[in-house]
Amino acid sequence: MSMRTLDDLDVKGRRVLVRADLNVPLDGETITDDGRIRASVPTIKALTGRGAKVVVCAHLGRPKGQVNPKYSLRPVAVRLGELLGQDVAFAADVVGDSARATVEALQDGQVALLENLRFEPGEDSKDDAARGAFAEKLAGLAELYVGDGFGAVHRKHASVYDVPRILPHAAGGLIVAEVEVLKKLTEQPERPYVVVLGGAKVSDKLGVIANLLTKVDRLLIGGGMAYTFLKAQGHEVGRSLLQEDQLDQVRGFLSEAAERGVELVLPVDVLAATEYAPDAAHEAVEATAIPADREGLDIGPKTRELFAAKLADAKTVFWNGPMGVFEFDAFSGGTKAVAEALISSGAFTVVGGGDSAAAVRKLGLPEDGFSHISTGGGASLEYLEGKTLPGLAALEE
Ligand SMILES: Nc1ncnc2c1ncn2[C@@H]1O[C@H](COP(=O)(O)OP(=O)(O)O)[C@@H](O)[C@H]1O
Ligand SMILES: O=C(OP(=O)(O)O)[C@H](O)COP(=O)(O)O
């Protein structure tokens, strides 16, 4: 892979569009974990330090091309300013009058943040022309482009894929660092190589399993991901997260894992709750006997032990996706148990994903207990699959 880096760009006095991943968890307007903002700071500082006018762009959540104040990046601009130690001008739109005026007013060394890219339907459009037209407008705000949003490099979106094909570009330090670590996992990982999958982006991440089955020795499935597997085995999953349209695909994974001799480990018990709420009544039940009116919000105590045992002899581990709804204390125990098992395994351990990384911090686990905490979940998984990621390919051109 050869990507130009910041050292290859002459940025002084020029407007540089930085695509960052600032997709942080929010509780109303309060940022509950600022890890991704912190991770974006070094590249922005490197650019301001060299006298660039820095225009940061990013997405938040999935507002689907509609302006929705719930997904405004405004609170992120404030936090970014605090972390940079300088004001961050906030544009109230993405490529409209406010964005143009905000960018126009930037002096050398100053920083602006545009509103959520996904308020614009062109950003994530599947139609090349629509995406391209939006990319032209976005590119028009700057003279140079720096790709640094590692967590979004698997998305063929305008700001990730099309803009670097218009503007002279380079990779920021975060992307360079992330790729360097993940590369180690693709080049002869020490075995046993175990991948742990959980979380809630089930339909997105089920897709990576086919390729992972050709690479790993063991796959542990927890979180919201587990229930489609349990259902595919014919069990009742009640009101748990379920990807009904992917049951056949999942049955295929179960038989392929068996054929390849890959150990696919599913929960044996779960915490079944009456509702999705922090104080919901709940109890541990066998994973094969989830009551029809309950939803599984965490892995149960027996599964925590089972997963810990399956991690104990691992030499390489990649983990993406919390084991339960860790945001609610009552359902955070499974995630904590898995995190602790990674830490005590002594393996080369990589945790990836916005929420997984946030969980590690929220649960008070030492960040240096892991070999690497990646800002990308889906992006890391697709990298590990050996796929060409649009945002990396565009930077390599
Ligand atoms: N059993 C479950 N049911 C519903 N949501 C779950 C469950 N387990 C985990 N989650 C949710 O998954 C979310 C994180 O998923 P995801 O975005 O895929 O992870 P990451 O950001 O680490 O890549 C968390 O908000 C968590 O509450
Ligand atoms: O949160 C993200 O990915 P992750 O949950 O896989 O870590 C990225 O910001 C990408 O967001 P997306 O999955 O809505 O494209």
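Only this structure's heavy atoms are used, side chains among them; waters, hydrogens and symmetry mates stay out. A quick note: this is a predicted structure, and the numbers were derived from the prediction, not measured. First listed ligand is number 1; within each ligand, the first listed atom is number 1.
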When you check the gap from the basic side-chain N to the acidic O, do [X] and [Y] get nearer than 4.0 Å?
{"X": "E295", "Y": "R239", "value": "yes"}
{"X": "K205", "Y": "E385", "value": "no"}
{"X": "R79", "Y": "E82", "value": "yes"}
{"X": "D33", "Y": "R38", "value": "no"}
{"X": "R155", "Y": "D204", "value": "yes"}
{"X": "R294", "Y": "E275", "value": "no"}
{"X": "E104", "Y": "R100", "value": "no"}

Would you please write out the protein residues whose heavy atoms approach any atom of ligand 2 to under 4.0 angstrom, listed by chain and number?
D21, N23, R36, H59, R62, R118, G151, R155, K201, K205, G353, G354, G377, G378
Contacts of K310 that satisfy side chain to side chain contact (heavy atoms under 4.5 Å, CB included) - sequence neighbours left out:
R218, L220, E263, V265, L306
Between ligand 1 and the protein, which N/O pairs are shorter than 3.5 Å?
unit_1	atom_1	unit_2	atom_2	d
ligand 1	1 (N)	G296	O	3.0
ligand 1	8 (N)	G224	N	3.3
ligand 1	12 (O)	A200	N	3.2
ligand 1	15 (O)	A200	N	3.0
ligand 1	17 (O)	D355	OD2	3.4
ligand 1	18 (O)	A200	N	3.3
ligand 1	18 (O)	K201	N	3.3
ligand 1	18 (O)	K205	NZ	3.0
ligand 1	21 (O)	G354	N	3.4
ligand 1	21 (O)	D355	N	2.8
ligand 1	21 (O)	D355	OD2	3.2
ligand 1	22 (O)	D355	N	3.4
ligand 1	22 (O)	S356	N	2.8
ligand 1	22 (O)	S356	OG	2.6
ligand 1	23 (O)	K205	NZ	2.7
ligand 1	23 (O)	N320	ND2	2.8
ligand 1	25 (O)	E327	OE2	2.5
ligand 1	27 (O)	E327	OE1	2.7
ligand 1	27 (O)	E327	OE2	3.4

Taking ring-ring contact (aromatic ring centres under 6.0 Å, His included) as the definition, give me every residue that meets it alongside F331, ordered by chain and number, with sequence neighbours left out.
H282
